[in-house]
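Input: a single structure, listed below in structure tokens.
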Amino acid sequence: MTPGERSEGEAERVPERVLEGLLQPHDGIYAVRSHAEGPSGRLPLTAEVLRDSPSGDVFGMTQNAGMGWPRANMLGPQVMIVSTAGGLRSEAGDPIALGLHSGHFELVDQVRAASETIAEAGGLPFASFVSDQCDGRSQGTTGMFDSLPYRNDAATVMRRLIRSLPTRHAVMGVATCDKGLPATMMALASQHDLPTILVPGGVTLPPTTGEDLARVQTLGARFANDELSLADASELGCRACASPGGGCHFLGTAGTSQVIAEALGLALPHSALAPSGEPVWAEIARQSARALLDMRRRGLTTRDVLTPKAFENAMVVHAAVGGSTNLLLHLPAIAHAAGVPRPTVDDWARINRAVPRIVSVLPNGPVQHPTVRMFLAGGTPEVMLHLRDLGLLHLDALSATGETLGTVLDWWAGSERRARMHQALRDQEHVEPDDVIMSPDQARRRGLTPTTAFPMGNLAPEGSVIKSTAIDPSRITDGVFEHTGPARVYTSEADAIAAIKAHDVHPGDIMVIMGGGPLGTGMEETYQVTSALKHLSYGKEISLVTDARFSGVSTGACIGHVGPEALAGGPLGRLRDGDVVSIRVDVERLEGSVDYVGSVDGERVSAVEGAAVLAARPPHPGLAPHPLLPDDTRLWAALQDASGGTWGGAVYDVDRIVEVLRAGTAALAGAPREDAAP
């Protein structure tokens with residue numbers, strides 16, 4: 001026989017041996033029950049229930065008994081809990097199966113604490129799970145193509161699960177991170193006629209010695225540029241997550257979303273940014289359960305809380321904390337689900353001009369405090385105290401406590417909780433609370449400038465966004481950042497990061513990444529690039545313009561959300577290497593422009609002339625959707641484009657989608673067949 005051949009008898013025996021090895025038969029597996037007695041006792045049925053209720057109600061009670069719920073406690077309020085919990089831990093807390101990120105790894109403990117509280121009050125808690133992905137894990141990979149579209153899918157699944165419990169009386173969400181938390185808020189916001197509440201899943205602790213989770217994501221770029229050793233990279237990367245649960249310890253999208261949930265009144269006061277796994281974190285879940293049952297008793301619903309005033313309060317808080325620009329996508333989506341007008345770019349610009357930034361926290365600084373310090377300094381209610389004094393808040397907006405925001409802030413100002421948290425910050429971190437959350441006067445003296453600007457121009461006729469607080473101060477003169485330089489054009493993030501690692505990008509360049517919007521990549525984050533520019537020694541001399549979006553922790557002279565996106569015909573897609581781009585951002589007035597103004601080898605032109613030049617050009621020859629873009633994401637991109645696009649929150653506006661489909665169907669029906677004779 002030749003090598004690898006087997007005799008006929010051996011060929012028959014080998015699969016049998018393989019199967020026996022895999023299935024491992026032993027006597028214990030044959031002790032199989034074929035019937036059981038079933039739960040004892042009786043269902044609390046009445047003649048009226050049997051006559052008048054749908055069969056599903058009765059069958060649901062049978063299921064409840066089968067799962068072991070006490071028959072005497074089946075008639076209390078039913079609370080649906082939707083959570084993004086992921087992974088599996090032993091009772092000792094050791095990992096059995098990992099989650100995709102620490103943010104959802106401990107959430108089941110909050111679900112348990114809330115459920116026990118509901119049961120103790122005579123209610124029936126139901127727990128369902130729609131886990132979420134990790135943007136940090138998918139940075140620079142094709143996994144990012146599913147990131148933003150996932151948010152809509154998760155919200156849809158959560159809504160379907162909620163509706164699948166027709167006997168629900170209230171709904172609770174438990175979530176932490178970048179897409180799962182906005183998805184959960186969208187699902188809760190859609191429950192207009194039920195009481196709902198959000199339990200923020202908190203934050204992970206930073207290492208006592210080491211780097212934060214934002215900086216540690218640049219290990220590869222710094223190593224490639226000989227600014228970090230292999231040994232140091234290995235040790236720093238191992239240590240950065242100092243506790244097993246919670247969202248990243250900077251005010252990125254996860255942390256900002258927690259703050260926004262509280263500012264909306266959807267979460268309890270001082271519940272955002274609690275350290276995961278700590279006693280206060282578990283108690284927040286219990287307090288939220290009691291508050292939800294109290295809302296039901298009072299007859300308060302989501303519609304009472306999520307009003308236009310609540311959304312304006314949330315936008316004001318977003319500006320004051322210097323929050324992630326991704327909330328420009330998420331807050332309009334939550335408003336759409338709540339049935340209130342979606343904030344527009346003009347609303348964001350108006351509020352950002354009026355509201356001072358008063359929080360010093362990662363990634364904006366000036367002092368890079370981790371978010372747990374913001375929690376100890378008083379968190380969202382502390383920020384809102386200062387905003388109240390400036391007259392910037394609607395104090396008559398209701399919160400999940402059932403009380404108005406004004407009443408809540410009056411309580412917070414003199415509360416024991418506030419005083420003791422402040423003291424804990426002093427004792428443990430040797431930091432004064434007003435060094436983290438400042439009065440407007442102190443913030444002004446410390447040089448904190450407003451948060452976000454919205455540059456327009458011939459490259460962004462529909463607008464764009466830049467976190468002006470994150471521009472390196474050394475690049476700002478008299479309150480204005482200006483950069484005119486040659487474009488270095490890339491049609492993928494992978495090409496852009498490869499150029500950085502190969503030293504092909506130089507101080508003074510303006511990097512342009514096109515094709516990163518919904519139609520190209522599902523609107524990927526470009527944190528690989530923005531983080532590298534921040535943490536490389538020469539990175540502050542380089543700017544970035546893209547139709548993609550940024551991680552909430554991105555910093556630097558980075559302009560994103562450029563509209564229209566390149567693949568939708570936006571002028572950004574007509575740039576070429578060597579074109580000259582001019583960026584100007586007034587970080588105090590929050591005004592800005594981003595324009596094509598000529599080429600390195602040619603004459604400079606005005607912004608108006610530049611628009612005409614771009615309009616006459618064909619798109620960049622390399623511009624195309626990513627070849628690995630999933631069909632799921634292509635469908636999401638088309639639906640959100642018909643619904644107002646990214647500046648509308650990347651939502652599904654069903655009425656508009658139906659209108660477009662009908663118009664398209666009618667147009668196709670009336671169009672001549674391509675194979676018809678002339």
Side-chain angles (χ1 to χ4, degrees), residues 133-136 138-152 177-179 181-183 214 217 248 251-254 256-257 318 323-333 343 345 348 363 451-455 459-460 462-468 470 490 492-494 496-497 511-534 543-568 570 572 594 625-626 629 633 636-637 640-641 644-651:
Q133 90 294 6
C134 176
D135 282 359
S138 62
Q139 291 290 348
T141 75
T142 55
M144 184 55 71
F145 300 167
D146 290 292
S147 173
L148 183 57
Y150 165 85
R151 183 204 67 179
N152 288 23
C177 281
D178 289 19
K179 303 303 174 299
L181 181 48
Q217 292 184 55
C248 293
L251 202 64
T253 307
T256 304
S257 295
H318 177 271
S324 162
T325 56
N326 276 323
L327 270 294
L328 275 68
L329 293 163
H330 300 320
L331 200 61
V345 64
W348 287 106
T451 310
T452 307
F454 302 90
L459 289 175
E462 290 182 358
S464 63
V465 63
I466 182 171
K467 190 185 285 187
S468 52
Y490 306 94
S492 75
E493 188 205 19
I497 193 65
M511 298 185 72
V512 175
I513 303 177
M514 60 176 64
L519 296 171
T521 66
M523 203 176 188
E524 64 185 344
E525 286 185 354
T526 55
Y527 185 63
Q528 272 201 120
V529 175
T530 59
S531 61
L533 295 180
K534 175 178 174 59
S543 298
L544 171 66
V545 181
T546 180
D547 52 3
R549 62 191 176 91
F550 300 134
S551 164
V553 75
S554 291
T555 56
C558 304
I559 296 177
H561 295 227
V562 168
E565 63 173 302
L567 282 164
L572 187 74
V594 51
H626 196 285
L629 192 67
T633 300
W636 165 84
Q640 67 84 40
D641 186 53
T646 55
W647 286 102
V651 300

Taking the side chain as C-beta and beyond, is there a heavy-atom pair between F550 and T526 under 4.5 Å? yes
Distance from Y490 atom OH to L544 atom CG, nearest 0.5 Å? 10.5 Å
With sequence neighbours excluded, what pairs up with F145 under the ring-ring contact (aromatic ring centres under 6.0 Å, His included) test? H626
Shortest non-hydrogen contact from T633 toward G522: CG2-CA, 3.6 Å
S492: which residues meet the side-chain hydrogen bond (donor to acceptor under 3.5 Å, both in side chains) condition with it, sequence neighbours left out? D495
Closest approach of P182 to C177 (non-hydrogen atoms, all atoms of both residues): CD-O, 3.5 Å
I need the E525 CD to S138 OG distance, nearest 0.5 Å. 7.5 Å
Listed by chain and number, what are the side-chain hydrogen bond (donor to acceptor under 3.5 Å, both in side chains) partners of H561, not counting sequence neighbours? none
Between T253 (side chain only) and N326 (backbone N and O only), is there a donor and an acceptor less than 3.5 Å apart? no
So, do L328 and R549 sit near enough that their side-chain heavy atoms are less than 4.5 Å apart? no
Quick one: does T521's side chain get under 4.5 Å of M144's, heavy atoms only? no
N/O donor-acceptor pair under 3.5 Å between D547 side chain and V562 backbone: no
Note: W647 and E462 closest approach over all heavy atoms is NE1-O, 4.3 Å
Hey, are the side chains of D641 and P518 touching, using non-hydrogen atoms and a 4.5 Å cut-off? no
Is any side-chain heavy atom of Q640 closer than 4.5 Å to one of T646? yes
Looking at every heavy atom in both N152 and A650, which two are closest together, and how far apart are they? ND2-O, 2.9 Å
Give a yes or no on whether the backbone of I513 and the side-chain of T546 come within a donor-acceptor separation of less than 3.5 Å. yes
Go through the structure and list residues passing side-chain hydrogen bond (donor to acceptor under 3.5 Å, both in side chains) with Q133, not counting sequence neighbours. D135, S147
For the residue pair S468 and A453, what are the closest heavy atoms and their distance? OG-N, 4.1 Å
A side-chain contact here means heavy atoms from C-beta on lying under 4.5 Å apart; do W348 and T452 qualify? no
Closest non-hydrogen atom pair between R151 and A333, with its separation: NH1-CB, 3.6 Å
Taking the side chain as every heavy atom from C-beta outward, state whether W636 and L148 have any atom pair closer than 4.5 Å. yes
Rounded to the nearest 0.5 Å, what separates atom CD1 in I559 from atom OG1 in T325? 12.0 Å
By ring-ring contact (aromatic ring centres under 6.0 Å, His included), H330 pairs with (sequence neighbours left out) none
Run the numbers on L251 and S324 for side chain to side chain contact (heavy atoms under 4.5 Å, CB included), then give the verdict. CA-CA 7 Å; L251 202 64; S324 162; over 6 Å; no
Taking side-chain hydrogen bond (donor to acceptor under 3.5 Å, both in side chains) as the test, write out the residues that go with S543, two or more places apart. H483
Min side-chain heavy-atom separation Q139-S531 under 4.5 Å: no
